[in-house]
Undergrad: 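Next up is a structure, given as structure tokens.
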Amino acid sequence: ARNEERVIGKLIDSIRASSYPQEKLEIYICAHNCTDRTAEIARAKGARVCEYNNPDECTLGYAYRALFSWMKQEWPNERFDGVLVLNADNLVTPDYISLMNDAFIANGKRQIICSYRNSKNFGSNYMSCLYGIFFLAAGRFEMRGRTVLGCSTRISGTGYLYNAELIKDGWEYVTLTEDWEFTADQIAHGRKVVYCDEAEFFDEQPTTIPIMLRQRMRWAKGHMIVFFTRFKALMKYIFSRPEKGRRKNVGSAYDISVCIMPLGVINVAIFLAQLLCVALGPLFGADPVRSWTVYGILTGSSFLLSYLLMALSAILLLILERRRIGNVGWGKRISAVLLWPFFLILAIFMDVGALFIKNLVWKPIPHGEPEANEAEAA
């Protein structure tokens, strides 16, 4: 929690209102570089609070590392089976923790369990609506699809549960996207991230373009860092012999290897190579006018078809997930559908930009905005 006095109390209240036995649950909060009443409010709500201040260590991973180190001082007297990670702006449904616990036990307490991420301010404006569709797509298409194929899915932000043994030696994932880093490392060690669709939590989404651009650039740079630091380990896992008595999940390792690749940079490189080939065509006897005309028609048709398919996917999501979407006006829905392809394509430019940004500083995303509070009340 970073200066989250407007939302931290609501998260704790939602946890305390859950159907899971409260005597088997303990809430720990890391008040990370806070200058407001976050720690005070959390303590008043009965949470145990670790206050950690270090402006040079500002990513979420550093907060986890400080918190888990602090928690270990109490673990000789209190033993936990699992650690459920939530962000300060999250809210959980009454059965959320029970469902996550059921999935945890059903998988032998060995695998990481992730959950359905919904938006508590889905209908605030077109931007939060775009983010809402983005996470609907992650749940419906990405996580469900991988589950059907028997592959590991991936952690997306927060809302995941894992065995406490995984952090007995501390937390080492401190990059800009610690969720991707943790996912890649766990898959490289033969574990899976299992999706629990029934367990639903709510997350607050950005509502302005500057905040969106800041967050998306952080994601892009973080993915690139994970690629350079974890790709080798994943390849080693894929091509190494399995340990005796243990099965390998090569499909999951290959899948996450592709996901962490800088695909935007690769796409731009292919596009530039195509332009170069067309430009050099006259040297090999090709008609330049005809070559550029054909290339322009094919490229334009490809972009138009891609746009239509992506827009249709957004419409399909809004239909399939209609029961999990709150009261969102038709104007916002239509705007989001029309802008959805551009929201996805933006990732290409972010990847390219991340390639040239050397020292990207992590900055917090403001939570508890009036739009989110109004949507939550509704």
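Computed from a predicted model, the values in this text were never measured in an experiment. Residue indices begin at 1 and follow the sequence shown.
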Undergrad: Decide yes or no on side-chain hydrogen bond (donor to acceptor under 3.5 Å, both in side chains) for Thr158 and Asn90, but give the supporting numbers first.
TA: CA-CA 9 Å; Thr158 53; Asn90 295 160; 2.9 Å; yes
Undergrad: For Asn118, give me all partners under side chain to side chain donor-acceptor pair (under 3.5 Å), at least two apart in sequence or on another chain.
TA: Glu200
Undergrad: Can you pull out every salt bridge (Lys or Arg N to Asp or Glu O under 4.0 Å) where at least one residue sits in residues 84-103? Sequence neighbours excluded, please.
TA: none
Undergrad: If only atom types and distance count, is the side chain of Lys120 paired as donor or acceptor with the main-chain N or O of Phe202 below 3.5 Å?
TA: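 The answer is no, because no donor-acceptor pair under 3.5 Å joins these two groups.
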Undergrad: Under the criterion salt bridge (charged side-chain N to carboxylate O under 4.0 Å, His left out), I'd like the reasoning laid out for Glu165 against Lys109: C-alpha separation, chi angles, the key distance, then a yes or no.
TA: CA-CA 10 Å; Glu165 288 293 320; Lys109 301 182 181 180; over 6 Å; no
Undergrad: Return the minimal non-hydrogen interatomic distance between Arg230 and Asp185, and the atom names on each side.
TA: NH1-OD1, 3.0 Å
Undergrad: Measure the CZ-OH distance between Phe201 and Tyr160 for me, rounded to the nearest 0.5 Å.
TA: 10.5 Å
Undergrad: For residues 209-219, which residue pairs qualify under side-chain hydrogen bond (donor to acceptor under 3.5 Å, both in side chains), counting only residues two or more places apart or in two chains?
TA: Tyr131-Gln215
Undergrad: Would you list the pairs meeting side-chain hydrogen bond (donor to acceptor under 3.5 Å, both in side chains) in which at least one residue belongs to residues 288-312, sequence neighbours left out?
TA: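 Output for this query lists Gln274-Tyr295.
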Undergrad: Any donor-acceptor pair under 3.5 Å linking the side chain of Arg322 with the backbone of Ile319?
TA: yes
Undergrad: Would you check if the side chain of Glu172 reaches a backbone N or O of Ile167 as a donor-acceptor pair within less than 3.5 Å?
TA: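 Between the backbone of Ile167 and the side chain of Glu172 there is no qualifying donor-acceptor contact (under 3.5 Å).
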Undergrad: Strictly distance-based, threshold 3.5 Å: is any side-chain N or O of Lys192 a donor or acceptor partner for the main-chain N or O of Ser152?
TA: no
Undergrad: Under a 3.5 Å distance rule, please check whether Asn121 uses its side chain to pair with a backbone N or O of Ser124 as donor and acceptor.
TA: no
Undergrad: Test Tyr64 against every option in Tyr173, Phe182, Trp171 by the ring-ring contact (aromatic ring centres under 6.0 Å, His included) rule and name the one that passes.
TA: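 By the ring-ring contact (aromatic ring centres under 6.0 Å, His included) criterion, Tyr64 pairs with just one of Tyr173, Phe182, Trp171: Trp171.
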Undergrad: Scan residues 29-61 for pairs that pass ring-ring contact (aromatic ring centres under 6.0 Å, His included), counting only residues two or more places apart or in two chains.
TA: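 Sorted pair list: His32-Tyr52.
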Undergrad: Please step through side-chain hydrogen bond (donor to acceptor under 3.5 Å, both in side chains) for the pair Ser98 and Ser19, ending with a clear verdict.
TA: CA-CA 7 Å; Ser98 296; Ser19 59; 3.1 Å; yes
Undergrad: Would you list the pairs meeting side-chain hydrogen bond (donor to acceptor under 3.5 Å, both in side chains) in which at least one residue belongs to residues 349-361, sequence neighbours left out?
TA: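 Sorted pair list comes back empty.
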Undergrad: Quick one: CD1 on Ile29 to OG1 on Thr38, what's the gap to the nearest 0.5 Å?
TA: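 Output value for this atom pair is 9.5 Å.
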